[in-house]
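Only one structure is covered here, and it is reproduced in the block below.
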Amino acid sequence: MSDDKATAATPTNFIKDIIAEDNRTGKWGGRVHTRFPPEPNGYLHIGHAKSICLNFGLAKEFGGKCNLRFDDTNPAKEEQEYVDSIRESVRWLGFDWEDREFYASDYFDRLYAWAEDLIRMGKAYVDDQTADEIRENRGALTRPGVNSPWRDRSPEENLDLFRRMKAGEFPDGARVLRAKIDMAHPNVVLRDPTLYRIRHARHHRTGDAWRIYPMYDYTHCLSDSTEGITHSICTLEFENNRALYDWTLDTLGVYHPQQIEFARLNLTYTVLSKRRLIQLVEEGHVSGWDDPRMPTIMGLRRRGFTPASIRSFCEKIGVGKADNLVEYSLLEYCLREDLNERAPRYMAVLNPLRVVIENYPEDQVEEFAFPNHPEKEELGSRTVPFSRVLYVERDDFREDAPSKWRRLAPGKEVRLRYAYYVTCREVVKDAAGDVVELRCAYDPATKGGWSSDGRKVKGTLHWVSAAHAVDAEVRLYGQLFSAPDPMAAPEGGSFKDNISPDSLETVTAKAEPALAALAPETPVQFERLGYFITDRRDHRPGAPVFNRTAALRDTWAKMERLGKA
RNA sequence: UGGGGUGUCGCCAAGCUGGUAAGGCAACGGGUUUUGGUCCCGUCACUCGUGGGUUCGAAUCCUACCACCCCAGCCA
């Protein structure tokens, strides 16, 4: 059954078509070898998940391999903490790079040797211009650049200068190594791009071994080449860089993978800009990179998303080249689709209203055996205590009930799930006129929630025995951003104006006893309320903390909204 | 005014060796139901950015426009 689901219609996309065609023509000898190449300068987010699922997924589907490679060529922005979080995120998502964990910094020696080759070929030169001069002389989009005065230095002089750059003789910014291509090229990327810059900085892996560091364009293609990558999949903004990718490999005459670009993911109500995510963390708008409101893999994990749901989402959104903005509701659907199958059901009352069953014996307690899932017997069962005083959801009682109301109202009979039918006899109010308690009567003949005389009730309520209830902290996370496109700030406003100030509400709920014994990071469904997960950081036995992942569909709320109730 | 890309239902997205518009999400309507959940059934693009053209026939080919995205880091 689940096998059918997994092997059924896995959608196609243009990259699969390219690979299938390559396999048909034997372009790579039937090999498929991809790589996921993050820069360790932040935590991975749902956008990276798309790339991870693509690269690892393609490799798996075509019987190939996928490497994990850290693009660590800029010591100023990279840290070991990020390397660790990235490894954890990829593994948590369910992918395995086996023994193929690589670092661009592993190739620094080799990259350096190739740079000297380029110099000897007369294809690269050391430029003494300042960064400002280089920018100025690069021209503009519609105006060609002008050659650097240092462009025609001899290979010997370039070699000497480059070696001295490597030796640390010059300060940061004094010189760079540039490719000698064409300062008038219509593609600005090809106007003598920088290959190496001087950085007297400590690298998280190579320490103080280097004073010059290679640029992305130079490093990435050669790393791919070194690893024998067949299909180098990256996002759309690198389309212009493909020309340099190809130039570098062809000029050096080395193995040449094919770069393929796809559109990056955009999600409504969600910021996926690394710069903005860093801002959210540093300015304290969230508690950290794994705050449940963050779109990071670790944030989604803590929020209660499962690896399977994220993989399913990445499969469903497809892969294309058109800019897109995917609705958050699709992500939620993928989560519900997964959790509905395997999340055990429990009862918790978020906003309690006291109910006294007047005709139920004072000291009696019954232990009901509840199935943990209405359809999946393999999820087992648990016992739930029932007694004279209970809590039900305050929202489940209406004094003036609308015509289609199925829940509790004065004089109305409903079912307490798996327990008894009860009828509301009296509404107790305080001096202010607020309802503080309901006095009800139960029908002993309806034990288990079935009536023997065939009479039916329309509503079923979740409930908790007051004497046995445990207090649970429930965190109701919402969207961090109030606008569908958080970057589309209101007139005269900024990105920050879209941060929703009330995206987290914490309530103390009355929960059935079994909930106090759950292990951290256990997904559950609270009957009629939604999917929750025990917090992996703050949850302790006896003092449960739940994060809300997603609400259930609520057709009553919708009817009310539409005025059909 | 340069170069590189992209435009198919509210949101994604198949289709693009021409033959008369898949699927998913969302939405809406109905049935089942001890979660107003799930599940099941049904509705939802005479039209493919726009205008011409070729053709018996075009989302698919040609052409001219229009719109949007990316590129002028010693970031990736």
Side-chain angles (χ1 to χ4, degrees), chain A residues 9 11-14 37-39 41 71 73-74 76-78 127 129-131 134-145 172-178 184-191 193-199 212-213 215-217 219-220 234-243 261 263 265 268 274 313 315-334 336-337 340-341 345 347 371 374-375 404-407 415-419 448-450 456-462 484 525-530 552-559 565:
Chain A
T12 185
N13 63 53
F14 78 100
E39 179 188 17
N41 69 341
D71 240 325
T73 59
N74 185 354
K77 293 163 67 177
E78 298 149 9
D127 194 342
Q129 291 181 108
T130 64
I134 287 179
R135 187 186 318 117
E136 178 58 34
N137 291 332
R138 183 153 18 233
L141 297 178
T142 57
R143 185 186 78 236
D172 286 7
R175 295 176 222 265
V176 292
L177 182 73
R178 290 229 259 170
H185 198 103
N187 180 353
V188 187
V189 171
L190 260 20
R191 318 243 261 230
T194 300
L195 267 23
Y196 269 90
R197 76 287 216 185
I198 300 170
R199 280 278 181 287
I212 56 174
Y213 290 91
M215 298 288 288
Y216 163 85
D217 285 305
T219 306
H220 202 92
C234 62
T235 42
L236 247 32
E237 65 269 28
F238 291 103
E239 281 180 315
N240 298 310
N241 303 245
R242 189 174 65 238
E261 309 86 8
L265 168 72
T268 55
K274 203 172 266 183
F313 173 72
E315 195 68 51
K316 284 183 167 65
I317 57 178
V319 182
K321 299 194 67 155
D323 292 334
N324 59 78
L325 180 61
V326 178
E327 289 177 353
Y328 192 87
S329 59
L330 179 59
L331 216 208
E332 285 188 312
Y333 168 80
C334 292
R336 288 196 308 265
E337 179 186 44
N340 177 49
E341 294 288 313
R345 274 60 168 164
M347 296 197 295
E375 289 138 34
K404 294 181 180 173
W405 186 250
R406 295 189 201 166
R407 282 114 96 163
R415 170 167 43 228
L416 294 179
R417 186 156 168 95
Y418 294 134
W450 295 105
K456 293 209 160 88
V457 291
K458 281 181 287 183
T460 300
L461 270 47
H462 56 281
Q525 187 198 87
F526 288 166
E527 300 272 9
R528 257 211 18 254
L529 298 175
L552 255 30
R553 287 191 172 87
D554 187 342
T555 55
W556 173 255
K558 185 163 58 179
M559 283 168 68

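Just so we're on the same page: letters track the sequence lines, and every chain starts at 1.
Taking only side-chain atoms of A:T142, from C-beta outward, the nucleotide of B:rG2, B:rG37, B:rC11 with the closest atom is B:rG2. Checked against B:rU6, B:rC75, B:rU38, the side chain of A:K321 finds its nearest nucleotide in B:rU6. The side chain of A:E327 approaches B:rA26 more closely than any other nucleotide in the set B:rG3, B:rA72, B:rA26. Proximity note for A:R135 (side chain, C-beta onward) versus B:rG5, B:rA72, B:rC69: the nearest is B:rA72. Closest to the A:L330 side chain, of the nucleotides B:rC25, B:rC74, B:rU35, is B:rC25. For A:R138, taking side-chain heavy atoms from C-beta onward, the closest of the listed nucleotides B:rA14, B:rG73, B:rA26 is B:rG73.
The CZ atom of A:R199 lies 12.0 Å from the CD1 atom of A:I212; values are rounded to the nearest 0.5 Å.
When the side-chain nitrogen and oxygen atoms of A:R415 are compared with OP1 and OP2 of B:rU33, none of them lie within a distance under 4.0 Å. At the phosphate of B:rG3, neither OP1 nor OP2 sits under 4.0 Å from any side-chain N or O atom of A:R143.
Here the P atom of nucleotide B:rU35 and the CG atom of A:L552 are 12 Å apart, to the nearest Å. Distance CG (A:D172) to P (B:rC75): 10 Å, rounded to an integer number of Å. One atom, CG of A:N324, and another, P of B:rC11, lie 11 Å apart when rounded to the nearest Å. Distance, A:K77 NZ to B:rA76 C1': 6 Å, rounded to whole Å. Taking atom CZ of A:F14 as the reference point, atom P of B:rU60 lies 21 Å away to the nearest angstrom. Distance CD (A:E39) to C1' (B:rA76): 5 Å, rounded to an integer number of Å. Here the P atom of nucleotide B:rA13 and the CG atom of A:L325 are 11 Å apart, to the nearest Å. Taking atom OH on A:Y333 and atom C1' on B:rC12, their separation rounds to 14 Å, with Å as the unit.
Within a 6.0 Å sphere centred on NZ of A:K404, other residues, nucleotides and ligands contribute 12 heavy atoms or fewer. By the 6.0 Å contact criterion, CD on A:E136 is open, its count of non-hydrogen atoms from other residues, nucleotides or ligands being 12 or less.
Base orientation at B:rG10 is anti, since its O4'-C1' glycosidic dihedral falls outside 90° of 0.
Between the C1' atoms of B:rA58 and B:rC48, the separation comes to 11 Å (whole Å). If you take atom C1' in B:rG57 and the same atom in B:rA13, they sit 26 Å apart, rounded to whole Å. Taking the P atoms as reference points, B:rU33 lies 26 Å from B:rG24, given to the whole Å. B:rU60 and B:rC9 are spaced 15 Å apart, taking the P atom of each and rounding to whole Å. Comparing the same atom, C1', in B:rA72 and in B:rG3 gives a spacing of 12 Å after rounding to whole Å. A gap of 16 Å separates the P atoms of B:rU63 and B:rU17, to the nearest Å.
No donor-acceptor pair under 3.5 Å is formed between the side chain of A:N240 and the backbone N or O of A:N187. No donor-acceptor pair closer than 3.5 Å links the side chain of A:T460 to the backbone N or O of A:R417. A:R345 contributes no side-chain N or O that, together with a main-chain N or O of A:Q525, makes up a donor-acceptor pair within less than 3.5 Å.
Nucleotide B:rU6 forms a pair with B:rA67, judged by Watson-Crick or G-U wobble geometry with both contacts under 3.5 Å. A 3.5 Å limit on both hydrogen-bonding distances identifies no Watson-Crick or G-U partner for B:rA26. Base pairing of B:rA76: no nucleotide in any strand meets the Watson-Crick or G-U wobble criterion (both distances under 3.5 Å).
Ranked by how close their nearest RNA chain B nucleotide is to the 5' end, A:W405 and A:R175 are led by A:W405.
A donor N or O paired with an acceptor N or O is found under 3.5 Å between the base of B:rU35 and the side-chain atoms of A:R345.
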